[in-house]
Amino acid sequence: MVTREHIEKMIAKNNAQIKTYKSNLDENYLHHFEWVSERIFKLEWKNKTLRDILLIFSDDNIVDKEVSINRMKDRFRNDLITRTLMMSSSNP
């Protein structure tokens with residue numbers, strides 16, 4: 001089972017990568033935005049999901065944390081399977 005400390009390290013690693021990508025955007029925005037915008041989005045999305053998992057760890061009312069995390073995984077998997085391609089797009 002993944003520990004709280006491991007998740008915090010993953011978030012810190014993602015944040016370091018995001019910081020590097022964003023600093024590159026300042027140097028040559030058009031070039032780097034074309035190549036790294038999707039990576040930045042995915043890292044930010046991963047961090048959001050990891051923070052949601054951390055909330056489970058920090059909530060003392062949740063007795064079986066592993067079951068709660070598995071439920072979250074199931075909801076996430078179902079969302080990915082049933083989601084339409086256009087759902088995340090801002091351009092119809």
Side-chain angles (χ1 to χ4, degrees):
M1 174 105 182
V2 176
T3 64
R4 178 183 183 94
E5 293 79 22
H6 182 73
I7 292 172
E8 289 169 346
K9 286 179 186 178
M10 290 167 58
I11 290 172
K13 181 181 174 187
N14 290 346
N15 285 338
Q17 288 179 339
I18 290 167
K19 184 178 179 180
T20 301
Y21 288 140
K22 286 184 177 179
S23 68
N24 288 340
L25 285 174
D26 292 338
E27 294 170 14
N28 186 343
Y29 183 82
L30 290 177
H31 172 75
H32 288 288
F33 184 79
E34 182 178 6
W35 295 106
V36 300
S37 60
E38 184 178 354
R39 289 185 205 150
I40 292 172
F41 172 80
K42 287 179 180 179
L43 288 168
E44 291 283 3
W45 189 84
K46 283 180 188 178
N47 277 351
K48 180 198 170 301
T49 305
L50 290 171
R51 283 188 209 100
D52 289 345
I53 293 171
L54 282 179
L55 288 175
I56 292 172
F57 278 116
S58 63
D59 189 348
D60 293 333
N61 294 328
I62 298 175
V63 177
D64 195 345
K65 303 203 186 292
E66 188 171 354
V67 169
S68 296
I69 290 171
N70 284 333
R71 281 191 202 130
M72 181 185 282
K73 282 185 347 186
D74 290 341
R75 281 194 309 267
F76 172 69
R77 182 178 34 246
N78 289 336
D79 183 41
L80 283 177
I81 291 170
T82 60
R83 148 181 298 194
T84 66
L85 293 175
M86 302 302 286
M87 187 177 221
S88 298
S89 177
S90 60
N91 184 350

Asks: Within a strict 4.5 Å, meaning less than it, do heavy atoms of the Thr20 and Gln17 side chains meet?
Replies: no

Asks: So, taking the atom named CG in Asn24 and the one named CD in Glu27, what distance separates them when rounded to the nearest 0.5 Å?
Replies: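 If we round to the nearest 0.5 Å, Asn24:CG and Glu27:CD are 5.0 Å apart.
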
Asks: Under 4.0 Å between a Lys/Arg side-chain N and an Asp/Glu carboxylate O for Lys42 and Glu38?
Replies: yes

Asks: Determine, using the 4.5 Å side-chain heavy-atom cutoff (strictly less than), whether Met10 and Leu54 are members of one ILVMFWY cluster.
Replies: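 Same cluster.
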
Asks: Measure up the Trp35 and His31 rings against each other and bin them: parallel (under 30°), tilted (30 to 60°), perpendicular (over 60°).
Replies: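 Because their plane-to-plane angle lies in the 30° to 60° range, the rings of Trp35 and His31 count as tilted.
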
Asks: Flag the pair Asp52 and Lys48 as a salt bridge only when some basic side-chain nitrogen lies within less than 4.0 angstrom of an acidic carboxylate oxygen.
Replies: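 Looking at Lys48 together with Asp52, the answer is yes, because their closest N to O distance falls below 4.0 Å.
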
Asks: In Å, rounded to the nearest 0.5 Å, how long is the span from CG of Asn14 to OG1 of Thr49?
Replies: 10.5 Å

Asks: Strictly distance-based, threshold 3.5 Å: is any side-chain N or O of Ser37 a donor or acceptor partner for the main-chain N or O of Glu34?
Replies: no

Asks: With salt bridge (charged side-chain N to carboxylate O under 4.0 Å, His left out) as the criterion, how do Asp74 and Arg71 come out once you've worked through the C-alpha distance, each side chain's angles and the decisive distance to 0.1 Å?
Replies: CA-CA 5 Å; Asp74 290 341; Arg71 281 191 202 130; over 6 Å; no

Asks: When clusters are formed by joining ILVMFWY residues with side-chain heavy atoms under 4.5 Å apart, either directly or through shared neighbours, do Phe76 and Leu55 land in the same one?
Replies: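 In one cluster: no.
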
Asks: When clusters are formed by joining ILVMFWY residues with side-chain heavy atoms under 4.5 Å apart, either directly or through shared neighbours, do Tyr21 and Phe33 land in the same one?
Replies: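 Yes, same cluster.
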
Asks: How far apart are the C-alpha atoms of Glu8 and Arg4, what are their side-chain angles, what is the distance that settles it, and do they pass the salt bridge (charged side-chain N to carboxylate O under 4.0 Å, His left out) test?
Replies: CA-CA 6 Å; Glu8 289 169 346; Arg4 178 183 183 94; 3.3 Å; yes

Asks: Less than 4.5 Å apart, side chain to side chain, heavy atoms only: is that true for Asn15 and Ile18?
Replies: yes

Asks: Can you tell me how far the CG atom of Leu50 sits from the NE2 atom of His6, to the nearest 0.5 Å?
Replies: 9.0 Å

Asks: Is there a side-chain contact between Arg75 and Met72 (heavy atoms, below 4.5 Å)?
Replies: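 Side chain of Arg75 against side chain of Met72, heavy atoms only: contact under 4.5 Å found.
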
Asks: Is it the case that over 12 heavy atoms from other parts of the model lie below 6.0 angstrom from the CZ atom of Arg51?
Replies: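 More than 12 heavy atoms, drawn from other residues, nucleotides or ligands, come within 6.0 Å of this atom.
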
Asks: Does Leu43 belong to the same Ile/Leu/Val/Met/Phe/Trp/Tyr cluster as Ile11, with side-chain heavy atoms less than 4.5 Å apart forming each link?
Replies: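 No, Leu43 and Ile11 fall in different hydrophobic clusters.
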
